[in-house]
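For reference, the structure is listed below as structure tokens.
If you're wondering where the values come from, they're calculated on a predicted model, not measured in any experiment.
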Amino acid sequence: MAVRANDSGKPAKPEKKRGRTWHALANPARFLRLARAVFPWAAGVAAVCIIAGVVLGLFVVPPDYQQGDAYRIIFVHVPAASLAMIIYAIMALSGAAALIWRHPLADLIGKASAPVGAAFTFINLLTGSLWGQPMWGTWWVWDARLTSMLILFFLYLGYIALHAAFDDPTKGARSSAILALVGAVNLPIIKFSVDWWNTLHQPATISKLDAPSIDSSMIAPLILMFVGFIAYYLLMLTLRIRSEIIARRIRNLRLAQAAR
Amino acid sequence: MNHESLARFEAEDLTCVRGGRRVFTGLSLSLGSGGALLLHGPNGTGKSSLLRILAGLLRPAGGRLLWNGTAVRDDPESHRARLHYVGHLDSLKPLMTPAETLTFFAATRAKPANAAAALAAFDLADLADLPGRYLSAGQKRRTALSRLIASPAPLWLLDEPTVTLDVESTAQLERLMAAHRAEGGMVIVATHTGIALEGAERLDLRAFQVGRRATPDSPGQVAATPDFEDETW
Amino acid sequence: MNHESLARFEAEDLTCVRGGRRVFTGLSLSLGSGGALLLHGPNGTGKSSLLRILAGLLRPAGGRLLWNGTAVRDDPESHRARLHYVGHLDSLKPLMTPAETLTFFAATRAKPANAAAALAAFDLADLADLPGRYLSAGQKRRTALSRLIASPAPLWLLDEPTVTLDVESTAQLERLMAAHRAEGGMVIVATHTGIALEGAERLDLRAFQVGRRATPDSPGQVAATPDFEDETW
Amino acid sequence: MVGPFLALIGRDLRLAFRGGIGSLVSVVFFVIASALFPLGVGPELTLLERIAPGVLWVCALLAAMLSLDRMFHDDHEDGSLEQIALGALPLELVALAKAIAHWLTTGLPLVLAAPVLAVLLNLSTEGFVVLIVSLLIGSPILSLIGSVGAALTVGLRRGGVLLSLLVLPLYVPVLIFGVGAVEAAIHGLGERSHLLILGGGLVGALVLAPFAAAAALRLALE
Amino acid sequence: MVGPFLALIGRDLRLAFRGGIGSLVSVVFFVIASALFPLGVGPELTLLERIAPGVLWVCALLAAMLSLDRMFHDDHEDGSLEQIALGALPLELVALAKAIAHWLTTGLPLVLAAPVLAVLLNLSTEGFVVLIVSLLIGSPILSLIGSVGAALTVGLRRGGVLLSLLVLPLYVPVLIFGVGAVEAAIHGLGERSHLLILGGGLVGALVLAPFAAAAALRLALE
Ligand code: HEM
Ligand SMILES: Nc1ncnc2c1ncn2[C@@H]1O[C@H](COP(=O)(O)OP(=O)(O)OP(=O)(O)O)[C@@H](O)[C@H]1O
Ligand SMILES: Nc1ncnc2c1ncn2[C@@H]1O[C@H](COP(=O)(O)OP(=O)(O)OP(=O)(O)O)[C@@H](O)[C@H]1O
Ligand SMILES: [Mg+2]
Ligand SMILES: [Mg+2]
């Protein structure tokens, strides 16, 4: 017989590939268990570090001799900028993994990270311009660093919009993975070109951004906030991946219903 | 015979996942020179998806294709060259004539076109130089089908080819399929309405479904529905 | 009976011009309550065009439509209110559910919708609240057809309604058409595959062609082909 | 008449909301295009201040224009448009409802985004309020004129770009008076007359555009 | 390989020519949008001269971008794309051929139209030649990057506007160096380094873009 069904039409369970570390997480149930274990730790570290950082930054560290209290915004501003860039790098890496190994977890990491990264970028832009008003007398200047940050924000928005535009989550994930990689190639170019463009026209503005050597008492809250933000990112990542897995199950139930 | 007389096209244990859902699994088939296969089954059982997998347009989630025993995955270019796929879309530009269309598609296959003969085979000779926008649904469909004749290939994959065809054109398609098989070609057709394909095997896609819905009178199937628990991301 | 029991729908001497070419001419038809008409003929003979003319979507180049003897042209609003047209397109948004779609279209007709009953009639009750993007081709088609039931209208104009329908749905459509006619409604259907419509008249569009092509064995028809001379601008 | 009219607007709004970020994209275009100008022109604040009203209005106009092609396109493609045309609502009111829905989903967000961009481009504070008012009066005109262009190009391949060509010349007066109002306010010359003319244009467009659009839709449905 | 590659470009050109005015529309957009700026910004010649390089480059960029969505859209919609994918040409070369055809039908006409607009915007004579050269090197980059965006959005509803969002941030470096070259020439600072960087960008895009676009097309065909 040329055409044959396997026994009684029941689906054969695909064999689980074991041994490779990557596949240790290849099973959503196992991932969810891991996520449940990570959750309290991430939440705890985030809460402790951020609260400690805020207390230190607002009340303990002495005011700046030049800027008064306004500079305290740096404790949000700088870690947010770092996270914005780190998260984009993670998205690009997981995008490469998604395209090469086609692993669903890599897909999910990208989708779950993007809004968090966009939020940190936005926080950086917001705190920066809030700070800029007292310092520079204007909310915004077309400075190199500011401009490349704004473009990073657009790259995030494009990623989110592209992902959301697909009905099929795996297609959305692969497409936005391609976009993340292209954007990652472009990101240093943007930074470089914008730097160059700016120095041609207005070399003066940048110097304001170059921090004077930071007082050692300011390092502690900065590091605390940075660690807190990282923990917060991990927390959001696991939470968002978990809810995405659940959302997909619901979606699949609906699809199964449609397919009868 | 035009086509390799000892060719054999096989699919082993195919699994198809679309939109994160398994459409079918464990599907195998095998077809020799002159063979024909009729795909049927209710809406949404994966006939079109299977044809796209066989054409190499869709990557199966599991399983593999073999041509004369060698894996198609290792040499997708040759596989593309030996098949014709006619899907739901007619690939006809409003601004291009049927003759130009056939010549162009033959050129993309790096083959010379026999456009005039192909159009004549579907009774389109008089419309050969009319821009596509003037053609009716059935005339467009016939133009798409005439690709089969314009540049020969042993394996024909046809997705509901008779939709919008009138009775005479359907009969002509049936004759052309018979002639193709007589020359050693293979034909795989998905259809709801039935089509004359002498000695064709029939493949009911229902046999390979995964998440069949529980119907009130067969509550036992409920258990089969969510196999997501441990595999859906 | 739900519908006017003495209604009569007539078309007199219709001419259809598309893309500057006369498709058919001198076509008349007449249909009373409970009547049915099957349009057939090869591809491109103007079945779809005729249905669009009857629906008032396409303006005929000549001739007129009458409802109970009064010209439709004088009161197009009432004509629209008394017909349902189901064409090739399913009018279903990927982001809207079948239930919402039916309610919306009933609202555009300023009529209350009976969405639940209509969907149940086509076995779509389970899918009523699923976004359209999850539906397969046949399910979309059934949603489009359920408009016929959601807000009643005496005249049904159906263009190849059974395309992509599976066997059971086709039978159900036939039952619904019969019930509609029993209530005094009228049905006009274009189809290639045939559909059960008891006592329906058949109208072969070939009879009204203008530019019939000269076939080798009927060279006398060549003269009929170019009637452009005095009418084409 | 009122029931079908509101049903149509309601459905379009619901579809836009369900579209997620997709439906915000014209605002995003507005933001990005406005941000491109400083990149092209250079970051000097005084220069930017000088060209800010013009750049903002031109970008708002382009953003409104770019989203026009989806006004009737989807409905035409999937057959909804012919069903709506077979409904009780005259095509004139269909076109008006569509233009209103378009404005609510693109024009209004543009107006809301404008203040942020005005900051980015260093618009002087005198011009701020007038910019928003002029956009509030002017952007519905863009949607109305746009509905005519969208209806004319609905069945066409490559309609999108052709649409720009049809619609841009008609947008010029709106642009001139819109920018005029802002500049007048900045230079303390009194913006009232410009805004009044814009208002007159809005009334005119409300009266005329639906008829033109309906005629075009009738052709598209043949 | 060469035969199918040329056949594909040839067909796209033929379709563009048959499209009549429709295929010239991106130039027309370029002209109209550039012409809107004097209207929006006011007619002072010195101001115009100052912003001319930026405005011309931004408008060229927007014009190139607007015609992107038709790069793969029609072929996807009517099934030609899957037939082409089943042909002998690897998808990478398909994407490259499409980008080349796009440039020939939109980028090149933009370059040809630029001198006229430069006069309109009072661009100083020093910038003239460099503007054209920078467009000549920069616009193919726009088509190539655009082919990635077009391939990513090909199967989507509302792809057109989403495409802008994806592609505009990627266009920023081209804009900066393009304008930079013209301004450097105007101020006598030596445009060579800008043009060399643009050239490097072109080579990079030629090498990388087809792979990204092909990956995206493969997804769209699934
Ligand atoms: C919207 C406006 C602003 C944006 C988008 C912005 C963006 C950034 C970015 C991207 C970084 C880099 C962080 C890193 O390299 O890890 C940064 C660092 C910093 N910013 Fe801002 N910034 C803005 C406004 C300001 C203002 C007004 C000030 C104060 C005058 C300021 C002071 C700083 C300082 C002191 C640093 C740390 C510098 C370093 O460690 O290299 N920023 N900002
Ligand atoms: N592009 C797509 N993305 C996601 N899911 C899809 C896609 N196309 C089809 N599906 C799903 O895959 C399943 C199989 O679809 P397919 O088109 O292969 O069925 P079919 O047997 O050809 O049905 P029909 O008789 O309606 O043509 C369906 O359940 C459908 O919902
Ligand atoms: N939009 C259009 N513009 C110009 N000509 C058209 C258009 N649509 C159809 N035609 C022409 O009108 C004639 C009749 O087409 P129509 O679609 O009515 O035929 P049909 O009988 O429904 O054919 P089919 O069986 O293929 O559906 C055809 O010759 C066709 O070329
Ligand atoms: Mg199918
Ligand atoms: Mg038809």
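Interatomic distance, A:Leu162 CG to E:Leu156 CG, rounded to the nearest 0.5 Å: 6.5 Å. To the nearest 0.5 angstrom, A:Phe154 atom CZ is 12.5 Å from E:Leu170 atom CG. Atom CG of E:Leu166 and atom CD1 of A:Ile178 lie 11.5 Å apart (nearest 0.5 Å). Between A:Ile160 atom CD1 and E:Leu165 atom CG the span is 10.0 Å, to the nearest 0.5 Å. Rounding to the nearest 0.5 Å places CG of E:Leu219 at 4.5 Å from OG of A:Ser175.
Summarising the geometry of A:Lys171 relative to E:Glu222, their closest heavy-atom pair is NZ-O, 3.4 Å, with the distance given to 0.1 Å. When every heavy atom of A:Ile190 is checked against every heavy atom of E:Pro169, the shortest pair comes out as CD1-O, 4.0 Å.
The local environment of CZ in E:Phe211 is sparse, with at most 12 non-hydrogen atoms from other residues, nucleotides or ligands closer than 6.0 Å.
Counting heavy-atom pairs closer than 4.5 Å to chain E, the top-ranked of the candidates A:Ile189, A:Leu179, A:Thr147 is A:Leu179. Among E:Gly201, E:Ala151, E:Ala212, the residue with the largest count of heavy-atom pairs under 4.5 Å with chain A is E:Ala212.
Neither the backbone nor the side chain of E:Ala209 comes within contact range of chain A; no heavy atom of the residue lies under 4.5 Å from a heavy atom of that chain.
Side-chain contact check for E:Pro173 versus A:Asn186: some heavy-atom pair is nearer than 4.5 Å.
Contacts between residues 118-149 of chain E and chain A, counted as heavy-atom pairs separated by less than 4.5 Å, involve E:Val148.
For the ring pair (Phe, Tyr, Trp, His ring centres under 6.0 Å) condition, the pairs that include at least one residue of residues 32-68 of chain E, sequence neighbours left out, are D:Phe37-E:Phe37.
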